Amino acid sequence: MVWLLRACCRVSLPHIVTCRNHHVSAKGKRRLLSRLYQPRSLWEVKSSETESKPNEPTSKSQKLMIKAGLIRPSNPGCFHYLPYTVRAMEKLIRLIDKEMQDIGGQKIDMPTLGSAALWRQSGRWDLMGKELFRLKDRHNQEYCLGPTHEELVTHLVASEGGINNKELPLLLYQITRKFRDEQRPCFGLLRGREFYMKDMYTFDISEESAYETYRNVCDAYSNIFRALGVHFVKVQADTGNIGGKMSHEFHLPANIGEDRLLVCGSCDFSANVELLLHDEKNCPVCTGQLKETKGIEIGHTFYLGTKYSHVFKANCYDSQKTPFLAEMGCYGIGVSRLLAASLEVLSNEDDIHWPGLIAPYQVCLISPKKGSKEIEAISVAETLYDDIIQSVCGLRDETVLDDRSYLTIGKRVKEAHMMGYPYVIVIGKKALETPSLFEVRSHNTDEVHFLSREGVIDFLRRVEVI
C-alpha cells in the first residue's frame with residue numbers, strides 16, 4: 001500500500017505512518033457502503049441479468065462487472081461506468097499519467113469531432129471503411145467521431161509553425177473517449193463501440209532520435225503493465241490502416257483473446273500471426289520452435305516516419321532553423337480495455353481480483369447483523385473504522401464500512417470477496433471479548449488473521465500493494 005500512501009500524503013515514507021491532524025468524529029464522515037451508489041445488491045440481482053443473449057459472445061470480466069454493479073449496458077457496445085469502476089479508472093489513469101510524464105509527455109485534450117477534410121487529406125476517410133462513425137452538421141459539413149487523432153494532432157503542430165529544437169522531442173498525449181463502429185461488439189469493455197484510450201503522438205527531428213523515443217515509450221508501457229502485476233507479451237505487429245515503418249502490440253495472454261500470437265520458446269522473438277505464414281513453426285531469428293497462443297491487445301505502438309508530417313507539412317527545426325519533416329510515432333493504450341482485461345486474467349469465475357494499485361477501495365469493514373448476539377459490536381466497528389483512517393492516512397479515502405446490518409455477516413463477506421476488496425475486516429463476536437479481536441482476510445492470498453485493534457493498524461501500515 002506504499003504507493004497509495006505516498007500519493008495521498010505527498011511526503012516521504014517515514015512521515016506517513018500516522019495522520020495526527022486528521023480527526024473523524026461525525027458519523028457522516030464515514031464512507032458507508034449503504035450510501036454508495038450501486039444499482040442493486042448482489043443478493044437482489046437476477047441470474048438472467050448477468051447472462052448474455054443467445055449466441056452473444058461473453059467473457060468472465062463482463063459477467064463479473066455486471067454482477068458486481070461495476071457497469072451497466074446502455075447501447076450495443078456502450079456502457080455506463082458506475083462509481084467503483086470510475087474510481088478504478090481514475091487510479092489507472094494516474095498511473096499512466098505518471099509514466100507518460102516521466103518520459104516527457106505533455107497532456108492535451110483534442111476534439112472528439114474530426115473534420116472529414118483532414119481525414120481525406122491523409123487518405124484515411126475512405127480507408128477506414130464502415131468502422132468510422134461519420135456525421136454531418138446543419139451546414140452539411142462532414143465529421144467523424146475520432147477513433148484516433150493522427151490527423152488532428154499533426155495539423156495542430158503544423159498550423160503552429162512547427163517545432164523548434166528546444167521543444168524536441170515533443171510528446172503530446174491525451175486520455176479520452178474514442179469511437180469505433182464495431183460490427184459485432186462483445187465481451188463487455190474488451191470490445192466496444194465507445195471506449196477510453198490513451199493516445200500519444202511524438203515528433204522528432206531524425207530517425208535516430210525517433211527510434212530512441214519509440215524505445216522510451218515502449219519501456220514506459222512495460223512499467224505500467226508490471227506495476228499492475230499482469231503477465232504481458234510484446235509482439236511484432238502489422239501497421240494496419242494507421243501505417244508507418246514499425247509496430248508492436250502488447251497483449252495479455254488469455255483464451256478469450258481475439259489475436260493469435262506466435263512466441264518462441266528459445267529467444268525473445270514473438271509476433272502476431274498476421275506477420276507470418278499461418279503454418280509457420282520455425283522461429284525466423286533462431287532455431288527455436290514457435291508456439292501459438294491467444295492474447296488480448298492492451299497497447300499498440302507505431303513508428304510512423306513522415307507519413308503524416310509529409311501530408312500536413314509538420315516540420316521540426318534544428319538550432320540553425322533548418323526545417324526537417326518531423327519523424328513521428330503514435331502510441332495507444334486501451335484504458336478501459338486494460339482494466340477489463342486485468343480482471344479477465346486475474347479473477348476467478350466467482351470473485352473479482354483487482355490489480356492492487358487500482359482496486360476501487362482497499363479495505364472493507366463488516367459490522368454485525370442487526371438483531372444478532374453481536375449487535376453491541378456495531379459501535380466497535382465504527383470506532384475501528386475511525387481509528388484506521390486516523391492512523392493510516394493512505395487509507396482515508398480507501399476504506400468503506402459495510403453497515404448493511406439487515407444482511408448476515410456471511411452474505412456480506414461473500415459479496416466483499418466477489419467485489420474484490422484486497423482486505424476485508426470482520427467485526428464479529430470476538431470483538432466483544434477482552435481484548436477485542438478482529439478477523440482480517442487477505443483476498444488475494446486467502447490468509448486470515450485474528451488481530452487486536454493495534455494489530456490491525458500495524459498490519460495495514462505494513463502491507464504493500466503488489
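Keep in mind that what you see is a predicted model, and the values were worked out from it rather than measured.
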Does Asp181 come within less than 4.0 Å of Arg193, counting only side-chain N to carboxylate O? yes
May I ask you to test the Glu182-Lys130 pair for a side-chain heavy-atom distance under 4.5 Å? no
Ring-plane angle category for Phe232 and Phe250, please: parallel below 30°, perpendicular beyond 60°, tilted otherwise. tilted
Any side-chain heavy-atom pair from Leu92 and Leu228 closer than 4.5 angstrom? yes
Without hydrogens or angle criteria, can the side chains of Tyr303 and Glu327 be said to hold a donor-acceptor pair below 3.5 Å? yes
For Leu82 and Tyr37, what are the C-alpha separation, side-chain angles and deciding distance, and is it a side-chain contact (heavy atoms from CB on, under 4.5 Å)? CA-CA 8 Å; Leu82 300 178; Tyr37 178 69; 4.1 Å; yes
Ionic contact status for Glu258 with Arg191, cut-off 4.0 Å: yes
Taking only residues at least two apart or on different chains, which pairs with a member in residues 228-254 satisfy salt bridge (Lys or Arg N to Asp or Glu O under 4.0 Å)? Glu207-Lys245
Pairing donors with acceptors under 3.5 angstrom, does anything connect the side chains of Arg177 and Tyr196? yes
Could you tell me whether a side-chain N or O of Lys91 sits under 3.5 Å from a main-chain N or O of Pro360, the two making a donor and an acceptor? yes
Mind checking whether Phe459 and His449 have parallel, tilted or perpendicular rings, split at 30° and 60°? tilted
Any heavy-atom pair between the side chains of Ile256 and Ile296 that's under 4.5 Å? yes
Residue pairs passing the side chain to side chain donor-acceptor pair (under 3.5 Å) test where at least one lies in residues 111-120, sequence neighbours excluded: Arg120-Glu142
Without swapping roles, check the side chain of Tyr221 against the backbone of Gly332 for a donor-acceptor pair under 3.5 Å. yes
Can you tell me if Arg337 uses its side chain to pair, donor with acceptor, with the backbone of Glu297 under 3.5 Å? yes
I'd like to check Leu118 versus Phe312 (side-chain heavy atoms, cut-off strictly below 4.5 Å). Are they in contact? yes
Does Glu194 form a side-chain contact (heavy atoms from CB on, under 4.5 Å) with Phe79? I'd like the steps, not just the answer. CA-CA 8 Å; Glu194 183 177 6; Phe79 292 86; over 6 Å; no
Could you check whether any side-chain N or O of His443 sits under 3.5 Å from a backbone N or O of Trp354, counting only pairs where one atom can act as donor and the other as acceptor? no
Under a 4.0 Å N-O cut-off, is there an ion pair linking Arg260 with Glu274? no
How about Met100 and Ile224: do any of their side-chain heavy atoms sit closer than 4.5 Å? yes
Please check if any side-chain donor atom of Gln174 sits under 3.5 Å from a side-chain acceptor atom of Asp199, or the reverse. yes
Can we call the ring centroids of His248 and His300 under 6.0 Å apart? no
For the NZ atom on Lys107, are there more than 12 heavy atoms of other groups (residues, nucleotides or ligands in this structure) within a distance under 6.0 Å? yes
Ion pair check, Glu415 and Arg404, cut-off under 4.0 Å: yes
Which of Val400, Asp402, Leu401 passes side-chain contact (heavy atoms from CB on, under 4.5 Å) with Leu32? It is Leu401
Check each of Ile333, Asp97, Ile108 against Tyr173 using the side-chain contact (heavy atoms from CB on, under 4.5 Å) test, and report the only one that passes. Asp97
Test Ile103 against every option in Asn223, Asp219, Val217 by the side-chain contact (heavy atoms from CB on, under 4.5 Å) rule and name the one that passes. Val217
Before giving the answer on salt bridge (Lys or Arg N to Asp or Glu O under 4.0 Å), spell out for Glu398 and Arg87 the whole-Å C-alpha distance, their side-chain angles and the decisive distance to 0.1 Å. CA-CA 10 Å; Glu398 294 293 331; Arg87 279 182 64 91; 3.4 Å; yes
Where the side chain of Lys178 meets the backbone of Leu145, is there a donor-acceptor pair that is under 3.5 Å apart? no
Flag side-chain contact, heavy atom, 4.5 Å: Pro253 against His231: yes
Does a donor on one side chain and an acceptor on the other come within less than 3.5 Å for Lys63 and Ser61? no
Measure from the side-chain N and O atoms of Ser247 to the backbone N and O of Thr239, and report whether any donor-acceptor pair falls under 3.5 Å. no
Can you check whether Tyr308 and Tyr201 have ring centres sitting under 6.0 Å from each other? no
Thr399 and Arg31, any side-chain heavy atoms less than 4.5 Å apart: no
Shortest non-hydrogen contact from Pro368 to Ile409? CA-CD1, 4.0 Å
How close do Ser59 and Leu190 get, counting heavy atoms only, and between which atoms? OG-CD1, 4.1 Å
Side-chain (Ser336) to main-chain (Leu189) donor-acceptor, under 3.5 angstrom: no
Please check: side-chain N/O of Asn348 versus main-chain N/O of Asp351, any donor-acceptor pairing under 3.5 Å? yes
Please confirm whether the backbone N or O of Glu151 pairs with a side-chain atom of Thr154, one donor and one acceptor, at under 3.5 Å? no
Can a salt bridge be assigned to the pair Arg441 and Glu439 using a cut-off of 4.0 Å between side-chain N and carboxylate O? yes
Arg412 side chain vs Leu407 backbone, donor-acceptor pair below 3.5 Å: yes
Thr301 versus Tyr214, side-chain donor and acceptor atoms under 3.5 Å: yes
Examine the side chains of Glu344 and Ser342 and answer whether a donor and an acceptor come within less than 3.5 Å of each other. no
Check: Ser367/Asp403 side-chain N/O donor and acceptor closer than 3.5 Å: no
Taking all heavy atoms of Leu168 and all of Asp204, pick out the closest pair and write down the distance. CD2-CA, 4.4 Å
Heavy atoms, side chains only, cut-off 4.5 Å: are Leu70 and Met419 in contact? yes
